[in-house]
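In this chain, residues are counted from 1 in sequence order.
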Amino acid sequence: MSYGQRQLSNYVSYGHISPSVQISNGIGDAIVYTSVNDSTRLKDLKHKYIVLDFWNSSCGYCYKAFPIFQKLYDQYKQRNDVFIGCVFVKSKKNETYDTGNSILTKKNYTFPTFATEPKSAFFQKSGVRVFPTILILNAKRDIIYQGHL
């Protein structure tokens with residue numbers, strides 16, 4: 001893929017030409033779920049950087065990218081300044097917050113899993129339009145990167 005094609009692809013997929021962005025949108029206040037009965041706020045995670053991989057159960061490319069994401073997680077999991085995790089976006093009526101974690105556990109992936117819904121404030125603030133999408137948040141919980149691995 002040529003440079004111009006990549007730029008066009010980023011614009012169509014992510015809404016901007018460059019995959020790097022700086023957005024202050026209060027995403028740190030958003031709630032993400034770790035299970036049906038448990039949730040957390042991104043601002044409560046004590047890491048300097050947070051890397052999140054957004055995916056849903058209907059995304060074949062997401063499943064193909066998980067081994068790469070697992071390697072990234074394995075590389076950084078011992079560090080206290082970087083949090084690597086994924087966000088399962090419920091896309092079907094019968095899915096629960098635990099569906100994504102169950103799918104990943106069956107495939108022996110060990111990275112932390114959050115869950116959300118397309119209508120949630122968190123998902124709306126994320127700016128995610130396609131799956132998979134990677135977001136990197138800084139210590140202020142501003143989005144400093146939106147794109148792909």
Inset, instruction - Examine distances only and state if a side-chain atom of Asp142 and a backbone atom of Ile144 form a donor-acceptor pair shorter than 3.5 Å. - result: no

Inset, instruction - Taking side chain to side chain donor-acceptor pair (under 3.5 Å) as the test, write out the residues that go with Lys77, two or more places apart. - result: none

Inset, instruction - Would you check if Val89 and Phe123 make a side-chain contact, meaning some heavy-atom pair closer than 4.5 Å? - result: yes

In a table with atom names and distances, give each donor-acceptor pair under 3.5 Å that connects a side chain of residues 45-58 to protein atoms at least two apart or in another chain.
residue	atom	partner	partner atom	Å
Asn56	OD1	Ser58	N	3.0
Asn56	OD1	Cys59	N	3.1
Ser57	OG	Glu95	OE2	2.3

Legend entry - Thr105 side-chain N/O to Ser102 backbone N/O, donor-acceptor pair under 3.5 Å: no

Inset, instruction - Using the test salt bridge (charged side-chain N to carboxylate O under 4.0 Å, His left out), find all partners of Arg79 that sit at least two apart in sequence or belong to another chain. - result: Asp81

Legend entry - Shared hydrophobic cluster, Tyr61 / Leu72 (ILVMFWY, side-chain heavy atoms < 4.5 Å): no

Inset, instruction - Answer whether the closest heavy-atom distance between the side chains of Leu137 and Ile27 falls below 4.5 Å. - result: yes

Legend entry - Candidate list Tyr76, Phe114, Tyr73, test ring pair (Phe, Tyr, Trp, His ring centres under 6.0 Å), partner Phe83, passing option: Phe114

Legend entry - All side-chain contact (heavy atoms from CB on, under 4.5 Å) counterparts of Asp44, not counting sequence neighbours: Thr40, Arg41

Legend entry - Neighbour count above 12 (heavy atom, 6.0 Å) for Tyr63 OH: yes

Inset, instruction - Check whether any side-chain heavy atom of Phe69 sits under 4.5 Å from a side-chain heavy atom of Ile134, and report yes or no. - result: yes

Legend entry - Residue pairs fulfilling side-chain hydrogen bond (donor to acceptor under 3.5 Å, both in side chains) with at least one residue in residues 109-123, sequence neighbours excluded: Gln70-Thr110, Lys90-Glu117, Tyr97-Glu117, Thr116-Ser120

Inset, instruction - Go through the structure and list residues passing salt bridge (charged side-chain N to carboxylate O under 4.0 Å, His left out) with Lys71, not counting sequence neighbours. - result: none

Inset, instruction - Report yes if the side chains of Phe122 and Leu42 come closer than 4.5 Å at any heavy-atom pair, otherwise no. - result: yes

Legend entry - Side-chain heavy-atom pair Ile103, Asn101 within 4.5 angstrom cut-off: no

Legend entry - Shortest non-hydrogen contact from Ile143 toward Ser126: CD1-O, 3.8 Å

Legend entry - 4.5 Å side-chain heavy-atom contact, Cys86 and Leu104: yes

